[in-house]
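What follows is a short report on a single structure.
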Amino acid sequence: MSTMITADLVDLDLAAGTKEAAARSLAERMAARGRVTDLDGFLADVAAREAQMPTGLDGGIGIPHCRSAHVTEPTLAFGRSAAGIDFGAPDGPADLIFLIAAPAGADDAHLTILSSLARQLMDEGFTGALRAVASPAEAAALIAGEEPPQAPAEPEAPEPVATPAPEARPFRIVAVTSCPTGIAHTYMAAEALEKAGREAGVELVVETQGSAGFTRLDPAAVAAADGVIFAHDVPVREKERFAGKAVVDVGVKAGINRPAELIAEVRGRAERGETTAPAAPTPVEKTGEPAEGYGTKLRKWLMSGVSYMVPFVAAGGLLIALGFALGGYDIDKAPSVAEHFAWGQLDSWAALLFQIGGLAFAFLVPVLAGYIAYGMADRPGLVPGFVGGSIALTIDAGFLGGLAAGLLAGGAVLAVQRVRVPAALRGIMPVVVIPLLSSIAVGFLMFLVIGKPIAELQSALTDWLSGLSGANAVVLGVVLGLMMCFDLGGPLNKVAYAFAVGGLATPNEGSLKVMAAVMAAGMVPPLAMALATAVRGRLFTKTERENGKAAWVLGASFITEGAIPFAAADPLRVIPAAMAGGAVTGALSMAFECTLRAPHGGVFVVPLIGNPFLYLLAIMAGVLVSAALVILLKSLRRTAPEGAGTTAPAADPTVTVAA
């Protein structure tokens, strides 16, 4: 830490009035030391991260941070503000601001800085010392964990003191959060659990298994923990570390919506002695509690495959869409760029993008199958899963074939693992025997038993989508819109999205309409919440109004999770309103016969959309419906009956309640 912060990276009299100005002031210090190469580019990356979720923490702390290509080495700058700066924390402005900069791709360094700083910020003595420190050198030494320079103290005669009674050890919890995409839910759940832990007076440490990987909990913290909370929608990695503990196992949204209840539940289980078996769990149990039904486990297995598939979908689909945009729809007939490439011709560059995207997209089904099997049986499931997924492509079984191949591969591995083998053979089981036998089993079933029926079903589904028109298309648009907006990025949302992406593997007019309807509906909830906070801000808390500003960007970028903070605070009003708008948008998109070849991108891929003006009109209609409905529902809640003599409590003291 000492190399990341020095005295000239500390400003004890930070005069900035806004979080943007504070970030610029501290970033200028980094640039002066050569740690930031492009100040404006770096600040744009900081602002983009801030738009995802406010970085203010309870206790007067702001931690703006990002990974950026304009950073040369991991760096930390610190500012102290006398007036306080609003970073979106529920308890008000921050007076201690830490700007964290990490080089692009330096995930480990970035997480290490954040986790180290977070541990220090849990100590009120540390934050109190920062508020009282007198010089930049002392502040830098304190943050770096070094002893600040002190004047020698006069020796004093020892005085007898009473031995204090030992304090009771706090209850200790370790938690793991994860979600299919590893971006929004994962970190929101972690933040909610940490805050609830502080309020409950327990020691709680969270391991976030997100898209950038994860830093394992300290084994000593796991060993000392009294209980464990799993808030996840994909299998927890290395779950056997937590065997023998009291465990609460829930979906990731429960970690966001009711963290205090989870903490109370795990304490109750620990007090009653309800712990998991000390032995390592079986591969099936690795996806959830033994008491979970196979329906719940099946959902987690499928979400595991989808979470690893999404990056291939985004990269490959957008490259294909860019190829079409630059070279026209005949670009798929261009010769291989390895044999023919003209540096000065736009068509050659379009063909390059299209062919790279096509190769990335070709991994979609094998990756889906491989990581469904991985979710079921861990690493031994990867080989038969990828083999089965490749067979699904070979026999034209498509997306449905990939789902079946992944489940077959995981089941085959689990079956082989249950066979008792001599001790001499156990060493070669995971490397030779399990991949060999499970691949043979999956190959046999896919080629000769179920592959052809699935291929015929896939063909029938493709033909059905191609023939969608009129009322049938509108009904499908309504259903997809409802699914996209019901859980705002959760499992049902992912099912609808995966259905649309699966159609892009064999694109036709019907599947392109489905993709357009799904993306349009997914943009509605955050845009509607942003509009509602702008039109009737007094119905929302200060934090929600700040989140509303970020929701404009998130919604325009097709990040449905931007509406989660609103749904978590008021689900009974926000979710129905979002679903109504999503259904309207999905139906209109289908009725207008809008098409989309890109699987992501929001308004930034509008040039690639068929009937773009009608498409934007469909989105606007859904946004207006959702915004109007949520305003109406919140107004009814906050309006007291005449003569009642009371008014509904407002979550924010600045909100005026209508009488």
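For reference, positions follow the sequence shown, starting with 1. What's counted below: heavy atoms across the whole structure, side chains too, no hydrogens, waters or symmetry copies.
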Open item on the list: Quick one, Tyr497 with Phe558, criterion side chain to side chain contact (heavy atoms under 4.5 Å, CB included). Give me CA distance, side-chain angles, the key distance, then yes/no.
Closed with: CA-CA 12 Å; Tyr497 181 69; Phe558 181 37; 3.8 Å; yes

- [ ] Please report the closest heavy-atom contact between Ile372 and Gly406, naming both atoms and the distance.
- [x] CG2-C, 3.7 Å

- [ ] Using atom types as modelled and distance alone, determine if a side-chain donor or acceptor of Lys452 lies under 3.5 Å from a backbone N or O of Ala397.
- [x] no

Open item on the list: Any salt bridge linking Arg241 with Glu207? Criterion: basic side-chain nitrogen under 4.0 Å from a carboxylate oxygen.
Closed with: yes

Open item on the list: What's the separation between atom CD1 in Ile454 and atom CG in Asp396, rounded to the nearest 0.5 Å?
Closed with: 13.0 Å

Task: Stepwise side chain to side chain contact (heavy atoms under 4.5 Å, CB included) check, Tyr615 with Glu593 - done: CA-CA 9 Å; Tyr615 189 74; Glu593 297 186 348; over 6 Å; no

- [ ] Taking the side chain as every heavy atom from C-beta outward, state whether Thr560 and Met523 have any pair of such atoms under 4.5 Å apart.
- [x] no

Open item on the list: A side-chain contact here means heavy atoms from C-beta on lying under 4.5 Å apart; do Pro74 and Pro103 qualify?
Closed with: yes

TODO: Decide yes or no for Met519 and Leu596: does some side-chain heavy atom of the first lie under 4.5 Å from some side-chain heavy atom of the second?
DONE: yes

Task: Approximate separation, where rounding is to 0.5 Å, of Phe486 CZ and Met579 CE - done: 6.0 Å

Open item on the list: How long is the straight-line distance from CD of Gln417 back to CG of Leu437, given to the nearest 0.5 Å?
Closed with: 11.5 Å

Open item on the list: Using the rule given for side chain to side chain contact (heavy atoms under 4.5 Å, CB included), can you reason through Val250 versus Phe230, listing the C-alpha separation, both sets of side-chain angles and the distance that settles it, and then say yes or no?
Closed with: CA-CA 6 Å; Val250 295; Phe230 296 135; over 6 Å; no

Below 3.5 Å, can you tabulate the donor-acceptor pairs from side chains in residues 354-370 to any protein atom, sequence neighbours excluded?
from, atom 1, to, atom 2, distance (Å)
Gln355, OE1, Val337, N, 3.1
Gln355, NE2, Pro335, O, 2.9

- [ ] Over all heavy atoms of both residues, which pair between Val474 and Ala587 is shortest? Give the atoms and the distance, please.
- [x] CG1-CB, 3.7 Å

Task: pair Trp343-Ser348: side-chain heavy atoms closer than 4.5 Å - done: no

TODO: Flag the pair Phe341 / Trp349 as yes when their ring centroid distance falls below 6.0 Å, and as no otherwise.
DONE: yes

TODO: Measure the shortest side-chain to side-chain distance between Gln209 and Thr177 over non-hydrogen atoms and say whether it is less than 4.5 angstrom.
DONE: no

- [ ] May I ask you to decide whether Lys239 forms a salt bridge with Asp249, counting only side-chain N to carboxylate O separations under 4.0 Å?
- [x] yes

Task: Check: Val553 and Ile559 side chains under 4.5 Å, non-hydrogen atoms - done: no

Open item on the list: Quick check for you: to the nearest 0.5 Å, what is the distance between Ser390 atom OG and Ile395 atom CD1?
Closed with: 11.5 Å

TODO: Taking all heavy atoms of Phe242 and all of Leu217, pick out the closest pair and write down the distance.
DONE: CE2-CD1, 3.9 Å

Task: Check against side chain to side chain contact (heavy atoms under 4.5 Å, CB included), Met484 and Val518 - done: CA-CA 7 Å; Met484 288 298 294; Val518 163; 3.5 Å; yes

- [ ] Provide the closest heavy-atom pair for Pro384 versus Val442 in the form atom of the first, atom of the second, distance.
- [x] O-CG1, 4.0 Å

TODO: Can you measure from CG (Leu352) to CG (Leu326) and round to the nearest 0.5 angstrom?
DONE: 10.5 Å

Task: Validation row: Met590, Val514 side chains within 4.5 angstrom (heavy atoms) - done: yes

TODO: Of all the heavy-atom pairs spanning Ala516 and Cys594, show the shortest one and how long it is.
DONE: CB-O, 3.6 Å

Open item on the list: I want to check something: taking the side chain as every heavy atom from C-beta on, are Asp45 and His70 in contact at a cut-off of under 4.5 Å?
Closed with: yes

Open item on the list: Please give me the minimum heavy-atom distance between Cys485 and Gly582, naming the atom from each residue.
Closed with: SG-CA, 3.6 Å

- [ ] Supply the atom-to-atom distance Ser438 OG to Leu382 CG, rounded to the nearest 0.5 angstrom.
- [x] 10.5 Å

